[in-house]
Protein chains: 6
Amino acid sequence: MGIHTYFRSLNDLERIIRAPGKFKFEEHSVSAHSWKVVQYAKTLADIEEQHGVAIDWKKLYEITSSHDYGEIFIGDIKTPVKHHSLELRSMLQQVEEGMIRHFIEENIPEELQDIFRRQLREGKDETVEGLILEVADKMDQVYEAFAELQRGNTEKEFIIMYRNALVKIKNIDLHCVRYFLDQILPDIIDESLISPIDVKQITEEALAL
Amino acid sequence: MGIHTYFRSLNDLERIIRAPGKFKFEEHSVSAHSWKVVQYAKTLADIEEQHGVAIDWKKLYEITSSHDYGEIFIGDIKTPVKHHSLELRSMLQQVEEGMIRHFIEENIPEELQDIFRRQLREGKDETVEGLILEVADKMDQVYEAFAELQRGNTEKEFIIMYRNALVKIKNIDLHCVRYFLDQILPDIIDESLISPIDVKQITEEALAL
Amino acid sequence: MGIHTYFRSLNDLERIIRAPGKFKFEEHSVSAHSWKVVQYAKTLADIEEQHGVAIDWKKLYEITSSHDYGEIFIGDIKTPVKHHSLELRSMLQQVEEGMIRHFIEENIPEELQDIFRRQLREGKDETVEGLILEVADKMDQVYEAFAELQRGNTEKEFIIMYRNALVKIKNIDLHCVRYFLDQILPDIIDESLISPIDVKQITEEALAL
Amino acid sequence: MGIHTYFRSLNDLERIIRAPGKFKFEEHSVSAHSWKVVQYAKTLADIEEQHGVAIDWKKLYEITSSHDYGEIFIGDIKTPVKHHSLELRSMLQQVEEGMIRHFIEENIPEELQDIFRRQLREGKDETVEGLILEVADKMDQVYEAFAELQRGNTEKEFIIMYRNALVKIKNIDLHCVRYFLDQILPDIIDESLISPIDVKQITEEALAL
Amino acid sequence: MGIHTYFRSLNDLERIIRAPGKFKFEEHSVSAHSWKVVQYAKTLADIEEQHGVAIDWKKLYEITSSHDYGEIFIGDIKTPVKHHSLELRSMLQQVEEGMIRHFIEENIPEELQDIFRRQLREGKDETVEGLILEVADKMDQVYEAFAELQRGNTEKEFIIMYRNALVKIKNIDLHCVRYFLDQILPDIIDESLISPIDVKQITEEALAL
Amino acid sequence: MGIHTYFRSLNDLERIIRAPGKFKFEEHSVSAHSWKVVQYAKTLADIEEQHGVAIDWKKLYEITSSHDYGEIFIGDIKTPVKHHSLELRSMLQQVEEGMIRHFIEENIPEELQDIFRRQLREGKDETVEGLILEVADKMDQVYEAFAELQRGNTEKEFIIMYRNALVKIKNIDLHCVRYFLDQILPDIIDESLISPIDVKQITEEALAL
């Protein structure tokens, strides 16, 4: 009852695992995902600034760091459910927003309620900050799916996750998307082509030293 | 691509954790929960039979063992979301049923499709088997919540889970519910009253042997 | 002291890991294994019924769901130990049965003792239900071993587990065994032949959309 | 070799556990800690702004989100080692800075090197942003230690961690520190005084409904 | 195929969990237990030497470090099974010894076979080294059970484990047993009497600094 | 306060994970590593003895079993930090030794302090026992790195770990090193060349039985 309730609740996101049952090699908590999105977004925004785009850093900070906080209230609903119909999607979003509103009214002191309403709003709008959040969120899906595929997970779900995330990213018109496609993605591909390590050869080289 | 796809998918439920982020002492997979519900329901049905009630064991088998299989498709949606409005609840149920229908059409050979439609139907109807499933499902919530509360977890969510499950159970009119309330629940309460072990005393007794 | 002791003990099987130290990619609890055996057996029995075989569903329910409950008492004894000599095997089985008998006498109220004696009996007899349990139990070994081998575990133990389970299954004369060999096993083999995902190609296709 | 190397490295921090061997109830990854620090700092800065203090949100974003990235290079050195002597401390800091410098030169493209040097600098300076980072970092120690102590961990290390963190916080002269001490800390204390749940009473109330 | 097979097999003992399903707060691998037994035995032997008893350090080294290696072959058989009858116990021991003999013949080069036969023999004989191994093994049960009981695990199994281990130890006539009972056990008892930490008081003291 | 504090602290090393964040397939605790080093060293010393070298088994026992105990005090400092400069290395070693000295003075009864000072000293000196410890410690790095590389981990860190450990070993002039290089290493290499299991072929063979 107070900010303490909110701060303590952050802890729970370390025990919520993304796409439970699917990652076979390395699982990810919502906390760790959130932090990586914060980190990607920071670099993406830096690249925008280098091209002369003005960034509202406060807004970017707010929307990236809190973008999955709502999972505490609604749980981990599978993507196909959310995409089933516009009607269901909007209904689920209303429920989530209602729960967040209710949480704020119950727990956040009046003088901070406006701030929390702004922080916990849906951040993926059409501003440059909203678009960067979308790119950063999808980039983590690219990285998460890549790490599984590279190690031999052949689950279709990750092929779809990887491909859909890439398609989403490439259709967003930002300088940093260009940078990602031209400078970062090729390194990911290159890494996927690395052959398994030849232990015999390393051994022989080491013994010959 | 056949029953294989279905059989292999069962494996994923061992990695889906119930109420993620909430259990602080012992987590539970959907597989383990499903198995315990199967086990409780068996004894509950035995008690009904002892009172002369006829049990359709095939039906009971089907609905208890598969009752949470749908979580593979929709994920773990928090209870308050499901209970938000009748409209949302029915919409989510429709989506789940649609996904199961689609899965069956895509993967299950025609000669077995009817069987799978029956097996994967919503089992909690007003028959004695449907009611037993409801009791068994809620009994596992009683046990899961009890195990946390007993060890000192003070999270409100478990008090609510424990209390709501008990209320649901006691309002179901079955012989086995009577048995549970009269014969089993008192043992649970007694266990909650056990004092912590007095290591000093055990030590002294052991040394005096 | 009462059914509560039995119900609470079910929880322990979620922490007993099968073949400890051997699974390198995905471990399995006895609970999850038990639930999968229940699920396989259900479909296998459906297939028998389709061929006109009568199934005693109550018996099948009882013996599949409880078939590994005895591990709570005796622990996880390695297969080669059990198979060392007929004498040792029968002695171990006697000990297990004695412990179960003792547990029932200590904990189960008199009016339910007969039911528990029946439920917790050794289920793998020569009836169709006993044989289905044997097939379902071995099928889970096929799936467990396959999942390891497919991901690159070269441990001999899994080759032996996979092969022995298959041999056991194919020598059982049931319609559902025929179905497994003809309709399900080929899909397992096909899955073993899937090449690793070509990330480069998926990327290029996604970018070309 | 490029930003990809940096982005991929973020993933490793999800597997680095804080104070390994010490947390008995709930472990924390460096990723999750970093995200919580980001979240606390955001609210702390909001409180400062409400008191008319100007916040450089870009700087705050940079220093909070990256403040423990260096652990990838140096590992988790115990606090008493770092505090052993000013000489050792400054030497370790030089090594860390040298490794970060070297990582940037090796992996970050020239046009982004200045940005990364700024982002990965030591952030705990005497500016308001540096002080907020210090408060937020210590607040997570308060929460981490509190969660252990509250559940019955009597390890001296957590008493010291809790106490030292509080002392550090209270000696920082910020509006948000005042707010924390007056509005948040009392709720933490209140929570520590909650008695264990009385299962008997909840049961009786539920049955009386 | 050589010592490599033996060395590689050591790794498996890190995944074999002692008393699976029973430890609720902290699980222990056979590797970690083995290492702790090695460490306790070393100090116990030091105490014997201080009293003028001659220690065969090579023998002590061999029998303590390998004392549970046989679990790789036979698995984790519950104590009550082993103690069921002298006949079963001796039969199980024969099987274990047979498997170890077979493993040595198959895998260990001839010139080292005698050494391995000696190392992997049953070490708990009536020599001082054999007795120290017994004390050290039981001491780890005391510590393992104590850690559970102290945190509120009320499982009877741990009371029995703690008590039986103590009784076994106190009946062994060694100087180090005397030392354990007089100097170490009282500190264990004292620790069991520590009250939970009073967070409120620590907080007030910290703020008053 | 007494040996109890020391014995209880051993437990913490089971929760300290080596090279956190790096092992992708199988993590290793410091306890398990310590036990494996004890085991390797025993066989290495046996080989030395076979060549007529006298072994001080008490010393070997002491230095192998305790060689990483100091990690409790200083944590897991990354190898490149330790190797950064001779000055830093010696300063860190002094801090570790100071902490161990302080721990002994605080906790170990006077009559055992000399023993503990000897046991917890740095063991890697130029005696045959010190060299065997060095070989055994590096052998575990060979095995740990090999297990990752063999399963497809392409992380450079493991290539370097594997190679550096091999180079260190081969430059030590002991009979057991010769044995390792001639008799054991070739089996490791052979294992690295094993092709993935051909599930299709095993299946066909099993069905043909």
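Here is how names work: the chains are called A, B, and so on, in the same order as the sequence lines, proteins then strands, and each is numbered from 1. FYI, side chains are in, hydrogens and waters are out, and symmetry mates aren't considered; it's all heavy atoms of this structure.
- To the nearest 0.5 angstrom, A:Ile159 atom CD1 is 10.0 Å from C:Gln201 atom CD.
- With sequence neighbours excluded, no residue forms a side-chain hydrogen bond (donor to acceptor under 3.5 Å, both in side chains) with A:Gln50.
- Residue pairs meeting the side chain to side chain donor-acceptor pair (under 3.5 Å) criterion with at least one partner in residues 131-148 of chain C, sequence neighbours excluded, are B:His4-C:Tyr143, C:Arg18-C:Glu144, C:His33-C:Asp137, C:His33-C:Asp140, C:Tyr40-C:Asp140, C:His67-C:Asp137, C:Lys124-C:Glu134, C:Lys124-C:Asp137, C:Glu148-C:Asn153.
- Crowding of A:Asp173 atom CG: a count of heavy atoms from other residues, nucleotides or ligands under 6.0 Å not exceeding 12.
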Working for side chain to side chain contact (heavy atoms under 4.5 Å, CB included), residues A:Leu185 and C:Leu207: CA-CA 11 Å; A:Leu185 194 55; C:Leu207 296 184; 3.8 Å; yes
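- Interatomic distance, CD1 of C:Ile202 versus CZ of A:Phe146, reported as 10.5 Å (0.5 Å rounding).
- Interface summary for chain A: among C:Glu26, C:Glu205, C:Glu204, the most heavy-atom pairs under 4.5 angstrom belong to C:Glu26.
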Test log, rule side chain to side chain contact (heavy atoms under 4.5 Å, CB included), inputs C:Lys200 and A:Leu193: CA-CA 8 Å; C:Lys200 191 178 175 195; A:Leu193 303 173; 4.2 Å; yes
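- Heavy atoms only, all atoms of each residue included: A:Val167 and C:Ala206 are closest at CG2-O, 3.8 Å.
- For chain C, no part of A:Ile169 is nearby; none of its heavy atoms comes within less than 4.5 Å.
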